[in-house]
S.K.: 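Here's a structure for you.
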Amino acid sequence: MEELFKSFCAFGADKSGAAGPAMLDGAKFAKMTKDLKLLDKNLTSTDVDIIFTKVKPKAERKITFAQFQEALKLLAEKKFPGCADALEKLQTKMLEGKGPAAHGVTKAVKGGAVDRLTDASKYTGSHKERFDEEGKGKGIAGRKEIVDDSGYVTGYKEKGTFEKKMDEQE
């Protein structure tokens with residue numbers, strides 16, 4: 001049970017590995033009951049929140065493993081009313097379940113609309129100028145007008161040849 005407790009304590013925490021004792025907050029306690037499929041008509045999410053509040057100290061927001069064990073006793077009484085081995089049943093059910101799972105995680109979209117909208121070869125107008133022939137962005141050159149101070153007219157094909165002609169004539 002302690003390994004299960006620690007796995008839910010560590011879920012979603014940063015990888016730095018805080019050096020303190022493992023402690024479980026209310027949200028992770030509720031997540032544990034949902035992930036391990038403990039909720040039913042006898043044990044609701046409201047009951048889970050009330051039980052968590054009963055076992056934690058007043059000024060604290062998290063519970064230790066000893067308080068977790070006390071919470072399990074209360075959960076077992078609520079889930080299996082009138083059953084003599086309720087705690088054993090609850091622990092068996094919890095150990096059969098898997099550890100914490102990420103629900104509702106955003107997945108990358110692979111639809112045709114995204115591909116169509118991000119295909120630079122189909123861009124028109126001024127947007128087309130921002131990409132080269134291979135579809136790679138030109139960076140700042142594609143977004144800003146860069147002033148040409150060479151003295152030649154825009155589009156002049158023999159740019160830079162005047163000096164060469166003058167050197168040949170001398």
Side-chain angles (χ1 to χ4, degrees), residues 1-123 127-128 130-144:
M1 284 309 281
E2 193 165 0
E3 290 300 316
L4 185 69
F5 173 76
K6 286 180 180 177
S7 69
F8 277 96
C9 288
F11 183 76
D14 61 352
K15 304 294 182 216
S16 65
M23 295 188 77
L24 190 67
D25 64 9
K28 290 180 184 173
F29 186 70
K31 177 181 178 36
M32 179 193 65
T33 59
K34 288 177 191 152
D35 286 356
L36 298 176
K37 296 179 177 45
L38 301 177
L39 300 179
D40 60 9
K41 62 181 179 141
N42 291 336
L43 181 68
T44 65
S45 60
T46 306
D47 295 328
V48 171
D49 290 337
I50 291 169
I51 289 170
F52 182 82
T53 306
K54 281 182 185 176
V55 297
K56 76 172 182 64
K58 284 207 187 258
E60 295 292 322
R61 297 183 64 189
K62 296 181 177 185
I63 59 173
T64 63
F65 182 67
Q67 294 162 336
F68 174 73
Q69 289 177 317
E70 182 62 33
L72 288 183
K73 290 176 189 170
L74 296 172
L75 283 174
E77 290 172 14
K78 191 72 177 166
K79 183 161 180 66
F80 305 107
C83 186
D85 59 342
L87 183 60
E88 291 174 29
K89 277 186 176 179
L90 182 72
Q91 288 178 342
T92 304
K93 186 167 174 74
M94 289 175 75
L95 292 173
E96 286 172 357
K98 297 176 182 159
H103 300 287
V105 178
T106 305
K107 293 176 179 62
V109 177
K110 301 217 179 197
V114 174
D115 292 338
R116 196 173 59 245
L117 292 171
T118 57
D119 185 3
S121 66
K122 295 181 180 164
Y123 290 172
H127 301 292
K128 190 173 192 171
R130 295 180 49 216
F131 300 90
D132 61 9
E133 297 81 33
E134 297 170 5
K136 303 242 190 267
K138 292 182 182 177
I140 196 140
R143 293 190 300 273
K144 287 194 174 178

S.K.: If you round to the nearest 0.5 Å, how far is OG1 of Thr53 from CZ of Phe29?
M.R.: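 Here the rounded value is 10.0 Å.
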S.K.: Which value, rounded to the nearest 0.5 Å, describes the distance between Leu43 atom CG and Phe80 atom CZ?
M.R.: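 These two atoms lie 9.0 Å from each other.
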S.K.: If you compare all heavy atoms of Leu90 against all heavy atoms of Leu75, which two are closest, and at what distance to 0.1 Å?
M.R.: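 Between these two residues, the closest heavy atoms are CD2-CB, 3.8 Å.
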S.K.: Spell out, as yes or no, whether a donor-acceptor pair under 3.5 Å connects the side chain of Gln67 to the backbone of Thr64.
M.R.: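 Yes, because the side chain of Gln67 sits within donor-acceptor range (under 3.5 Å) of the backbone of Thr64.
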S.K.: Using 30° and 60° as the class limits, which term best fits the ring planes of Phe5 and Phe68: parallel, tilted or perpendicular?
M.R.: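 Plane angle between 30° and 60°, so tilted.
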S.K.: Under 3.5 Å, is there a donor-acceptor pair between the Asp49 and Thr46 side chains?
M.R.: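 Their side chains do not contain a donor-acceptor pair, so the 3.5 Å distance test is not met.
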S.K.: Given Lys34 and Leu39, is the side chain to side chain contact (heavy atoms under 4.5 Å, CB included) satisfied, shown in steps?
M.R.: CA-CA 6 Å; Lys34 288 177 191 152; Leu39 300 179; 3.6 Å; yes
S.K.: Look up atom OG1 in Thr44 and atom NZ in Lys79, then write down how far apart they are to the nearest 0.5 Å.
M.R.: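 Separation between the atoms: 11.0 Å.
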S.K.: Report the C-alpha separation of Glu70 and Lys54 in whole Å, then their side-chain angles, then the decisive distance to 0.1 Å, and conclude whether the side chain to side chain contact (heavy atoms under 4.5 Å, CB included) test is met.
M.R.: CA-CA 10 Å; Glu70 182 62 33; Lys54 281 182 185 176; over 6 Å; no
S.K.: Find the distance between CG (Leu38) and CG (Asp47) and round it off to the nearest 0.5 Å.
M.R.: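 Output value for this atom pair is 12.5 Å.
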S.K.: Start with the C-alpha gap between Gln91 and Met1, add the side-chain angles, then the distance that decides, and say whether side chain to side chain contact (heavy atoms under 4.5 Å, CB included) holds.
M.R.: CA-CA 8 Å; Gln91 288 178 342; Met1 284 309 281; 4.1 Å; yes
S.K.: Could you please spell out the steps behind the side chain to side chain contact (heavy atoms under 4.5 Å, CB included) verdict for Lys89 and Thr92?
M.R.: CA-CA 5 Å; Lys89 277 186 176 179; Thr92 304; 5.8 Å; no
S.K.: Say you draw a straight line from NZ of Lys62 to NZ of Lys56; how long is it, rounded to the nearest 0.5 Å?
M.R.: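 Between atom NZ of Lys62 and atom NZ of Lys56 there are 13.0 Å.
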S.K.: How about Lys73 and Leu87: do any of their side-chain heavy atoms sit closer than 4.5 Å?
M.R.: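 Sidechains of Leu87 and Lys73: in contact.
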S.K.: Got a second to check how far Asp25's CG is from Lys31's NZ, nearest 0.5 Å?
M.R.: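 The CG atom of Asp25 sits 11.5 Å away from the NZ atom of Lys31.
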S.K.: Are the side chains of Phe52 and Thr33 in touch, meaning some heavy atoms are under 4.5 Å apart?
M.R.: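 No, every pair of side-chain atoms sits at 4.5 Å or beyond.
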